[in-house]
Amino acid sequence: MWLFKQGRRRDGSDRELRPFRRRRDVVGGDVGGDDLRLDDSIGLPGNRHACTRISHAFGSQKRSRIDPCTRMTSMDQETLNSALLIFAPPCSQHGPPTFYRHSNGRGCMEQEREALLKFKNGVFEDPHLQRLSSWVGDDCCTWFGVACDNVTGRVIELSLPNPHPEKRVYYDQDLISGFDPSMLRGRIDSSLADLRYLLHLDLSFNNFYPTPFPTFIGNSFQHLRYLNLSYAGFVGNVPPNVGNLSNLQVLDLSFNKNMTIENIGWLSKLSSLQSLDLSKVYISEKAPWFEAVNKHSSLLVLRLRGCNLENVYASHSRVNFTDLKVLDLSINNFRQTALPEWLSHLTSLQVLKVDLCNFTGPIPSYLGRMSALKMLHLYSNKFEGSVPESLWQLSELENLAISFNALEGNITELHFSNLAKLKVLDMSGNSFKFSISSTWVPPFQLKIVRLSDCTNMESSFPHWLRNQENIDWIYMSNANLQGYAPEWFWKILANATKINLSYNKIRGELPAFSSRLEELNVSNNFLSGSLRNNWERGSSLWFLDLANNELSGTIPSSFGNIIKLVSLHLGKNNLSGQLPLPMKNLMNLQFLDLHSNKLSGKIPSWIGENLSSLRILNLRSNLFHGEVPGQLSRLASLQILDMANNNLSGSIPKSLKNFKAMANSDSNNSHAFIYHSRTLVVSFSESMWIVTKGRESFYEDLWENNRKGIDLSMNKLSGSIPEELMELVGLQNLNLSGNFLQGPIPDKIGEMRKLQSLDLSRNRLSGVIPPTLSALSFLGWFSVSNNNLSGKIPFIGHLITFENSSYIGNEKLYGPPLSNKCPGDHETLQTRRDLDDHVNMSQEKEEDDEIEPWTLYIVTGSGFIGGICSVFGVLIANKSWRDMLYRFSDDMFERFIVAVILWRIRIKRMLILKD
């Protein structure tokens, strides 16, 4: 049985509570909580000029508006300036480049042309993109992504990044191969080594998995200044010969998840390095990353996000890279420690990101001396105490994120008086007390507001927000917002793209929102009235959660206009009527939750025919009637089907065996939910409460836990359990209880080895319990009670762990753990007397064999002491024997634990037999 998003409110009422969903910004890495895409890009010498050279090389050819320096489209930069910090690049010490492409009519070098053609033959792309298809003719300098020196004709640049990086996630073997058709795929031909005068190489945001890092790069490209292989699926160890690239200024190997660095010594040899990004590359704990980095006094950008770092080198007090502008050490599990003192020397920092790093103690006051700071991320650590006063004096600060720590203190308008440039404010999940005057007018205009879990506000709806005219994202979940929202509150959200006001006590009707809105979560409030029927066709909405309110009326037909909708939650309301036919247009829908309403009619066949992307379908606790439509079997991606507690009748369709996702027993086959928004790529995790194994459990990340289940309980289904249903070997939960099912339990049910919860109770099933059920070793909840089953219970294997409550209500069922016994199993009186006589004789023999206690003590004690001395003497002299003993002890301890568990089960079984 599946129960979605159920709990209790903090005020004790029987309103529903659901922990906050969490999503990952895949491009930026896991940030925890709701998505927070805050880019820290910064221009660099060599990098910005590289972008200029690309545009010249492409000439008049049609190109995507991608800025390779920032990896963001021009549209992104226009629409999300609140979350992006794009710094003006400093002037290159080399001056502007004097080469763009060879155009004297001689064509490029034949050897280099052949090398490029071999590279082309090793990769493939969508032919509609027409990148490599332009590689024809003799003059390779005119080819897409290729630039040549204007004097020598040598190829000095190869730039083929994915033209749509906003649709690209870092490649993993767990993700579907060929996920994005705009990626180049295949292998990197070693013939590229012939491009010996290459200065700029960019193959980022493509898919070359599982190609190892090309070793010829370090041997051949001695002139290389810019190398970007990020998000490209390369695997294996980074070769030490990368250290030969002494002219390299920019190195970006980020988000190659299966790439490792065992020996980081090569990094010290890159004497010209100014920007280094190794985010999501595994760096061995034995690799002295700080010592290698500290040798680069010219370093401006250092990103080591999610690199498995544990040592923050807190004892080091001296740093050489004092001109550093960007430092990102986020998502590393540093040993619990305070922020290192060496950070205090980086007074030129403009971006500091140390979120999710396990840092403790107070926030150091020296951060207030970093007067150039524009972005400060300290969220999701263990900082405590109050925010130092010096931090509030950072007048250049645009982005402040200090959420989810143990911070406290009284926050007044004086704290914000110097932050006139602030655009992003994130103070969620702390213990602040806000005491801000209702007449205060902030000096800033926020675009992102995150005040979730801030229950100690100065008023239900903070008055200082009414002057904010540019709000794009607002997250005030569980912020003690109560009553009817004032008109000005809805007005400031009129053009927002992301709104999360869940887990509050907001009353009234839901207002109209802009077509720009992408995410709306107002679940777990007291909103009432009917849903508006004015949802626009051009809506950008992809996530809508109105669950657990007091909404009534029918689902509006205009919902069918929200064609980008991916996740729809309308559960726990008072909605009635049938599902509107235009909803069949929601072909991107993956999550449909309509549980606990008063919806009626037959379950539409168009759900299976049109909503082919569905992964979760929850129609539980409604008034649907009729048969289970066989068209549902077309939902190949469906992982959870819950239609319990309706008035469904007829038989269970045999075609349900076609649920391919449920038929796959691979625990890693479920891919993260991916949404491509206008501005970023997010991996979104659906969360829910599930009743399984007889208890309610909350699954915070449904995809990561890879839940798969079918619940058709509490209906009027008849017929037999289809044997074809047993082909869904990936199922973890199967609940068919409370129906009128007849016939035997299929023998093949033992093949569903992933089952954790099986409930067939309260039906009319007959026959014996298949012995194959004993092979279901993961089964934690099992019930066949209240049926017409007969025969002896196969009390073997895993079935010996279940109580009699799993079998009661079957009159013809006998054997343990039930007290019913089959004729012939009763012991005769004579047998019992013979057993008693045997026991008495054994006791008398033991008494005759007794010896004096003191003799036993002396002999045993002497032998014990002698044995201990001899054993320990050998162990002290022989190290290999010591190691062998330790391993033996660990093994014996584990065996002892298993033996105790089995012993308890046997004792329990003996007691049952005795009764």
Side-chain angles (χ1 to χ4, degrees), residues 2-6 15-16 507-513 520-537 539 541 543-611 614 616-632 635 640-650 711-717:
W2 299 79
L3 181 60
F4 286 63
K5 304 178 293 187
Q6 180 170 319
R15 300 283 296 164
E16 182 179 67
R507 296 184 178 274
E509 296 188 359
L510 198 64
F513 293 98
L520 177 61
N521 186 352
V522 289
S523 63
N524 296 281
N525 280 285
F526 293 96
L527 296 172
S528 58
S530 59
L531 293 171
R532 296 176 179 269
N533 196 15
N534 59 353
W535 299 88
E536 300 179 13
R537 181 170 296 276
S539 174
L541 194 65
F543 177 83
L544 178 61
D545 191 347
L546 308 178
N548 198 24
N549 279 287
E550 299 174 356
L551 301 171
S552 58
T554 61
I555 298 176
S557 59
S558 62
F559 263 29
N561 293 334
I562 318 174
I563 58 176
K564 294 183 179 180
L565 200 60
V566 176
S567 185
L568 175 60
H569 301 256
L570 298 176
K572 282 279 187 174
N573 281 289
N574 295 312
L575 300 174
S576 58
Q578 300 184 11
L579 298 184
L581 181 61
M583 283 186 66
K584 70 178 184 179
N585 298 326
L586 306 181
M587 289 183 284
N588 291 312
L589 207 59
Q590 295 192 28
F591 193 115
L592 178 59
D593 176 13
L594 305 176
H595 82 288
S596 302
N597 280 288
K598 299 176 182 177
L599 300 172
S600 58
K602 294 184 177 181
I603 296 177
S605 60
W606 52 257
I607 292 180
E609 294 169 346
N610 292 64
L611 309 186
L614 267 185
I616 294 179
L617 176 60
N618 183 16
L619 304 178
R620 181 188 193 86
S621 299
N622 279 285
L623 303 176
F624 291 112
H625 66 269
E627 297 184 349
V628 177
Q631 291 87 345
L632 291 181
L635 302 176
I640 294 176
L641 174 63
D642 191 344
M643 298 191 293
N645 197 21
N646 281 281
N647 293 314
L648 301 177
S649 57
D711 192 341
L712 301 177
S713 62
M714 303 301 293
N715 282 290
K716 299 176 181 178
L717 299 174

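For the numbers below, each heavy atom of this structure counts, side chains included, while hydrogens, waters and symmetry mates do not. Note that the structure is a prediction, hence the values are computed from the model and not measured.
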Q | Under 3.5 Å: donor-acceptor pair, side chain of N618, backbone of R620 | A | yes
Q: Under the side-chain contact (heavy atoms from CB on, under 4.5 Å) rule, collect the residues that match up with N597, sequence neighbours excluded.
A: N573, L575, L599, N622
Q: Output the distance between atom CD (E609) and atom CG (L635), rounded to the nearest 0.5 Å.
A: 10.0 Å
Q: Would you mind reporting whether L579 and I607 have side-chain heavy atoms less than 4.5 Å apart?
A: yes
**Q.** Working for side-chain contact (heavy atoms from CB on, under 4.5 Å), residues N585 and F559
**A.** CA-CA 9 Å; N585 298 326; F559 263 29; over 6 Å; no
Q. Taking atom CD1 of I563 and atom CG of L541, what is their separation to the nearest 0.5 Å?
A. 12.0 Å
Q. Under the side-chain contact (heavy atoms from CB on, under 4.5 Å) criterion, do V522 and L546 qualify, and how do the steps go?
A. CA-CA 5 Å; V522 289; L546 308 178; 3.4 Å; yes
(Q) Donor-acceptor pair, distance only, cut-off 3.5 Å: does the side chain of N525 make one with the backbone of L527? (A) no
Q | Over all atoms of both residues, closest heavy-atom pair of M643 and I603 | A | SD-CD1, 3.2 Å
(Q) Quick check: closest heavy atoms across E550 and F526, and the distance to 0.1 Å? (A) OE2-CD2, 3.5 Å
Q: Describe, in one word, how the ring planes of H569 and F543 are oriented to each other, choosing from parallel (under 30°), tilted (30 to 60°) and perpendicular (over 60°).
A: tilted
Q.
Nearest 0.5 Å, please: how far is CE in M583 from CD1 in I555?
A. 5.5 Å
Q: Mark yes or no for whether N647, through its side chain, and S649, through its backbone, hold a donor-acceptor pair below 3.5 Å.
A: no
(Q) Before you tell me yes or no, could you show the steps for V628 and N715 under side-chain contact (heavy atoms from CB on, under 4.5 Å), namely the whole-Å CA-CA distance, both residues' side-chain angles and the distance that decides it to 0.1 Å? (A) CA-CA 11 Å; V628 177; N715 282 290; over 6 Å; no
(Q) So which atom in S557 and which in P582 form the shortest heavy-atom distance, rounded to 0.1 Å? (A) O-CB, 3.4 Å
**Q.** For the student: nearest non-hydrogen atoms of N534 and A512, plus distance
**A.** ND2-CB, 4.2 Å
Q | Donor-acceptor pair, side chain of N646 and main chain of F624, under 3.5 angstrom | A | yes
Q. Does one side chain, of S558 or N533, offer a donor that lies under 3.5 Å from an acceptor on the other?
A. yes
Q. Any luck finding a side-chain donor-acceptor pair between N574 and S552 under 3.5 Å?
A. no
Q: Check the pair L717 / L648 against side-chain contact (heavy atoms from CB on, under 4.5 Å), numbers first and verdict last.
A: CA-CA 6 Å; L717 299 174; L648 301 177; 4.2 Å; yes
Q) Looking at NE2 of H595 and CG of L617, how far apart are the two atoms once the value is rounded to the nearest 0.5 Å? A) 13.0 Å
Q. Rounded to the nearest 0.5 Å, what separation is found between the NZ atom of K572 and the CG atom of N549?
A. 12.0 Å
Q.
To check you understand the geometry: which heavy-atom pair defines the closest contact between N561 and W535, and what is its length?
A. ND2-O, 3.1 Å
Q.
Please find the pair of heavy atoms, one from S605 and one from P629, that lie closest to each other, and give the distance.
A. CA-CB, 4.4 Å
Q. If you measure from CG on L570 to CG on L544, what distance do you get to the nearest 0.5 Å?
A. 6.0 Å
